[in-house]
There are 2 protein chains.
Amino acid sequence: MSKRVTINDVARTAGVSRQTVSRALNDKGEIDGSTKQRVLDAARELGYRPSRFARGLVRQDTTTIGLVIPDLLNPFFTEVAAGALEAARARGWHVIVYDTAGSDEEERGTIEVVVSQVDAVVGYFNLAESELDAHLSGMPAVLIGREHQTPRFSSIRIEGAAGVREAVDHLVANGHRRIGMLDYEERSRPSIRHSWFADAMSAHGLVADAVGNAVQSVDGGTEALTDLLARRPDLTAVFAFNDVIAVGALRAARRLGRAVPDELAVVGFDGLQLGTVVDPALTSVALDTRRVGALAIEQAGRLLAREPQLPPEELLVNAVLLVREST
Amino acid sequence: MSKRVTINDVARTAGVSRQTVSRALNDKGEIDGSTKQRVLDAARELGYRPSRFARGLVRQDTTTIGLVIPDLLNPFFTEVAAGALEAARARGWHVIVYDTAGSDEEERGTIEVVVSQVDAVVGYFNLAESELDAHLSGMPAVLIGREHQTPRFSSIRIEGAAGVREAVDHLVANGHRRIGMLDYEERSRPSIRHSWFADAMSAHGLVADAVGNAVQSVDGGTEALTDLLARRPDLTAVFAFNDVIAVGALRAARRLGRAVPDELAVVGFDGLQLGTVVDPALTSVALDTRRVGALAIEQAGRLLAREPQLPPEELLVNAVLLVREST
DNA sequence: GAGCATCCCGTGAACGTTCACGGGAGCGTT
DNA sequence: AACGCTCCCGTGAACGTTCACGGGATGCTC
């Protein structure tokens with residue numbers, strides 16, 4: 001049972017007291033140069049590393065944020081995470097990342113452990129608010145991309161109605177009238193983006209009657225567009241729930257021999273980097289994904305503020321049309 | 001100065017002792033059902049959340065790994081990170097992610113703070129070994145994708161000589177003889193992958209005399225291939241340092257009007273998911289990136305083992321040719 | 001009714017560090 | 001020679017939790 005090397009062990013072999021060791025390691029001053037060196041040598045020799053728990057217990061200065069996302073490999077969440085990491089680093093905070101693999105069960109488990117490991121939690125949750133509220137045990141939380149009632153939560157919401165309206169305007173202006181959508185239904189309900197789309201369509205006297213459902217992946221987009229086009233070969237444009245699905249749609253179009261944008265225009269959502277590496281580059285209703293992550297961290301900071309206690313906020317990030325080559 | 005709610009506060013308002021509160025919260029047994037409920041209610045009402053520091057100090061069971069990468073947005077590191085997260089979750093470990101933005105300065109700063117925040121560190125480092133060894137203060141470390149001398153480090157190395165040989169064989173078998181490379185030089189020295197390429201070429205009596213240098217991004221690949229092709233328009237195939245650069249090369253070829261694979265074959269390295277979303281899908285010397293992350297976590301666990309003390313290991317992950325559409 | 005087991009609950013100690021405070025040695029000033 | 005200041009170092013206390021142990025009720029057995 002190799003016991004842990006403590007500050008007292010270092011003190012003993014250096015022939016000084018705990019406090020002197022502490023001073024040497026945190027270079028505090030009030031210590032002679034030679035003794036400091038002696039302490040440092042002793043510490044290295046013993047392989048001493050201070051306990052982060054003991055240290056954290058007494059000085060209450062390290063803050064750690066939990067970032068909960070369904071899938072780090074989904075580029076949207078990668079970009080959000082990158083933004084969060086950057087914002088956290090700027091404040092000297094630490095971020096523990098939890099990937100729930102899109103499973104409610106994993107999300108429950110994550111929440112259970114996250115509560116005792118971080119100071120605040122930030123992320124994209126799928127569970128019902130009541131469940132979140134109950135299991136989070138009062139921990140400060142920032143919800144990303146989601147409406148909410150619970151007053152103690154902050155949230156970063158994505159406002160895309162105007163951007164989707166822009167997209168549909170753009171398509172109509174280019175002569176499109178038979179425009180389909182590749183939606184991503186959560187809990188078998190049409191998404192909010194679908195309603196934005198439907199509203200934008202009806203503003204032009206068009207109906208959103210060609211809607212397919214896709215799972216959240218490139219392959220899902222490929223499948224969904226293939227199906228939709230089989231049912232509705234007359235479509236000349238599609239709007240996808242997000243860029244990942246749209247990139248899949250691009251591939252489907254290629255395989256089906258429909259040239260983009262001439263024979264089929266494709267519009268995504270999110271404005272990911274991913275959209276610039278495909279050919280043609282993807283037109284998208286774009287938002288600043290890094291900023292979403294950064295704002296989430298910032299909100300966490302707001303909720304963590306001791307005094308004055310600041311109330312939660314609901315922030316909006318606007319999405320605007322970014323025309324590239326696929327329309 | 002709103003003081004923290006402690007276990008004693010809960011005990012007082014519930015009319016019991018600390019220990020009973022502790023029992024209720026960690027449902028330990030040896031407690032009456034009604035008192036347990038009373039304690040739980042009191043805890044919720046006061047908004048009590050146990051201090052992770054105090055808890056961690058006494059039960060030494062939570063382990064946290066630091067994952068250090070140069071750029072989370074680089075899909076290679078995203079995939080490695082995802083693998084690491086998954087492996088860590090399986091063990092109930094926590095992962096703090098640090099993105100050093102590819103800067104040596106940030107890497108130094110990260111190492112400084114990581115030492116006092118995690119139990120072991122895993123990642124892709126750029127600094128010299130001597131510096132790492134000195135500043136890591138004896139912390140268990142696993143180096144990814146890198147050779148090393150320091151005996152106390154573990155490492156996950158990527159063995160691609162055979163895979164690159166396969167790739168060149170494949171290209172030669174398809175009639176290519178003028179094959180270029182888009183390298184990524186670290187500290188203005190040709191990469192190890194370049195030497196693998198040169199060896200494979202000379203095995204066919206060919207010389208690797210058409211080499212461009214690219215920065216680690218899609219745009220970098222585009223630029224580099226454009227330059228290389230301007231110098232050497234006679235090339236019929238290129239091997240890229242990695243998939244990210246190769247995807248950029250694909251885009252350059254498209255813009256220059258060179259059809260892939262008919263007028264120019266392109267081979268990447270890493271076998272990322274990214275290679276399947278582009279058109280044509282990228283042929284690549286592929287490795288299991290998720291596994292790299294998982295192995296790194298596993299090695300961290302090995303180094304963390306108390307008894308018996310296990311020596312560090314150097315693991316190899318082999319890369320093999322994965323033919324898709326770009327050759 | 002003595003003995004014993006079971007069920008609950010509480011008290012001291014420990015985890016490893018930093019903070020607040022005190023104090024001795026050395027030197028210069030008056 | 002008394003005082004004060006600076007420099008360096010050490011001791012008790014505190015941070016908030018769990019662990020080890022002890023002990024009072026209660027009920028059952030014979």
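- Side-chain atoms of B/E129 come within 3.5 Å of backbone N or O of B/Q149 as a donor-acceptor pair.
- No side-chain donor from either of B/T62 and B/R55 sits under 3.5 Å from a side-chain acceptor of the other.
- Side-chain atoms of B/E313 and B/Q299 include a donor-acceptor pair closer than 3.5 Å.
- Between B/V58 and B/K36, the residue whose closest nucleotide on DNA chain C is further toward the 5' end is B/K36.
- In 5' to 3' order, the nucleotides of DNA chain C bounding all contacts with chain B (an atom under 4.0 Å from a heavy atom) are C/dC8 to C/dG16.
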Step-by-step salt bridge (Lys or Arg N to Asp or Glu O under 4.0 Å) determination, B/D9 to B/R4: CA-CA 9 Å; B/D9 300 326; B/R4 184 190 179 90; over 6 Å; no

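- Summarising the geometry of B/V21 relative to B/A11, their closest heavy-atom pair is CG2-CA, 3.6 Å, with the distance given to 0.1 Å.
- Checking A/S17 against B/A54, the closest nucleotide of DNA chain D that is more toward the 5' end is the one next to A/S17.
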